[in-house]
Amino acid sequence: MSKKMFWLVSIVGILLLGGIVYANSIYQNVSTTLETIHEPEIRKVSELRETKVELVEKEPISVLLLGVDERDADIGRSDTIIVLTANPSLASIKVLSIPRDTYTEIIGLDKKDKLNHAYAFGGIDMALHSVENLLTIPIDYVVQVNMESFLEIVDSVGGVTVENPSAFEENGYQFAAGPIHLNGDSALSYVRMRKNDPLGDFGRQERQKQVLLGILKEGASFNSLLNYKELLTSLADNIRTNMTFGQMMDIQKGYKTSLTNVESITLTNGSGQRMDGIWYYVPNDKEMSNVTRTLKEHLELLDDQRE
């Protein structure tokens, strides 16, 4: 072997070795972080499932996203409640925003109250079971995000791009109508505007959903690996989930393409009612039934889909 060829082979070997070491370092850091955010005490399989979901088989799954406003004096409330169903065979995702003031049964307390109070009363587990009872679909996984600090996550993925339906100003930021790119600080102002929104809390829910989906899309991209240490630090500080490291890796591999086809579902036909001086959102029974059927169909749980 010539001296020139020897040095070329050596350089390639060093680069390959360096790549392996770097990849192993990323794997170890990711594994450690995901073990930190894992909440093993949350139930593993929904009672509404006949069998455990097989991620390697790319079976449809459901995920509950809870955006929690943590407070100094208490555990906080889940002001953002989003249910996401993913069907890899259809390469599609359906996303439902549930109004936080929805009047429903709080599972574990044997009483009806605002849905966002379930988290305050019993944390992630009570919120998960209450949402599952409301929609009558299995919730396979749950992810809780600290909304006060989620701006760190937005910055760590390089910001997110959303489609703003109407221009508005909030906290000194001017948000033009159309596609806009948000960093962490501006994203927090974007999702918190409510008073000047003609849709009120429904408009805020839609913006929260946009940003959370933006984070999912950016987080699934290769570019995010360039800032993976910053991203992992943000995740460790602000997220809790019942997913294991292996489950996250299976979802990342098998379900990522579904993010290219996202359909939003809303609950808007209900009515506002005051009970004992407290305002609640009471869902429309027919609309709720239609939404439930749509989600079950997407999860391939309807009896006529199994025949």
Side-chain angles (χ1 to χ4, degrees), residues 36-49 62-85 95-150 153 188 191-192 194 200-202 204-205 208-209 212 235-243 265-267 270-285 287-288 291-292 295:
T36 299
I37 69 178
H38 180 226
E39 296 284 356
E41 70 275 9
I42 299 174
R43 63 97 192 272
K44 302 295 186 295
V45 182
S46 169
E47 294 179 358
L48 299 181
R49 285 283 190 191
S62 61
V63 180
L64 171 63
L65 300 176
L66 297 171
V68 175
D69 180 14
E70 295 183 346
R71 308 176 186 191
D72 294 335
D74 58 35
I75 190 175
R77 290 165 175 78
S78 53
D79 286 343
T80 303
I81 306 170
I82 295 173
V83 172
L84 177 155
T85 59
V95 184
L96 168 68
S97 290
I98 306 175
R100 61 180 183 170
D101 295 324
T102 297
Y103 187 65
T104 188
E105 183 178 356
I106 306 301
I107 301 301
L109 290 183
D110 296 326
K111 61 176 287 188
K112 284 192 170 186
D113 203 334
K114 292 186 178 185
L115 182 57
N116 73 330
H117 286 178
Y119 181 87
F121 292 139
I124 294 176
D125 195 60
M126 187 171 286
L128 184 155
H129 282 89
S130 298
V131 170
E132 191 172 71
N133 179 72
L134 173 67
L135 298 177
T136 64
I137 66 167
I139 299 295
D140 299 310
Y141 303 106
V142 59
V143 179
Q144 177 234 305
V145 181
N146 178 4
M147 295 301 289
E148 181 66 28
S149 302
F150 93 122
I153 302 175
L188 194 60
V191 300
R192 282 188 163 173
R194 179 175 55 170
D201 208 40
F202 291 106
R204 186 173 73 158
Q205 292 167 21
Q208 291 170 339
K209 182 167 62 177
L212 287 173
L235 292 178
D237 291 341
N238 300 305
I239 287 183
R240 292 294 179 267
T241 181
N242 64 338
M243 294 184 198
I265 304 173
T266 57
L267 291 171
S271 60
Q273 295 183 22
R274 285 197 175 274
M275 304 178 195
D276 297 325
I278 300 175
W279 191 91
Y280 296 94
Y281 176 80
V282 180
N284 176 279
D285 289 340
E287 182 181 46
M288 182 62 72
V291 166
T292 293
L295 295 178

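Residues: numbered from 1 along the sequence shown.
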Is there side-chain contact between T80 and L65, with heavy atoms separated by less than 4.5 Å? no
Euclidean distance, R100 CZ relative to I81 CD1, rounded to 0.5 Å: 9.5 Å
Do Q144 and Y119 have side-chain heavy atoms sitting under 4.5 Å apart? yes
For L109, side-chain contact (heavy atoms from CB on, under 4.5 Å) partners two or more places apart: I106, K111, F121, M126
Answer whether the closest heavy-atom distance between the side chains of L64 and V83 falls below 4.5 Å. yes
Within the side chain of K114, is there an N or O that forms a donor-acceptor pair under 3.5 Å with the backbone of W279? yes
S46 meets the side-chain hydrogen bond (donor to acceptor under 3.5 Å, both in side chains) criterion, sequence neighbours left out, with E132
State, with a plain yes or no, whether a side-chain heavy atom of I42 is found less than 4.5 Å away from one of R240. no
By side-chain contact (heavy atoms from CB on, under 4.5 Å), which residues pair with S62, not counting sequence neighbours? T85, I139, D140, L299
By side-chain hydrogen bond (donor to acceptor under 3.5 Å, both in side chains) - contacts of E105 (at least two apart): none
Would you give the length of the straight line joining atom CG of D113 to atom OG1 of T102, rounded to the nearest 0.5 angstrom? 11.5 Å
To the nearest 0.5 angstrom, please state how far the CG atom of N116 sits from the CD1 atom of I98. 11.5 Å
With a 4.5 Å cut-off on side-chain heavy atoms, are V142 and L66 touching? yes
Quick one: list whatever passes side-chain contact (heavy atoms from CB on, under 4.5 Å) with V45, sequence neighbours left out. R49, K52
Tell me every residue that passes salt bridge (Lys or Arg N to Asp or Glu O under 4.0 Å) with D125, counting only those two or more places apart in sequence or in another chain. none
Indicate yes or no: at least one non-hydrogen side-chain atom of L267 is less than 4.5 angstrom from one of L96. yes
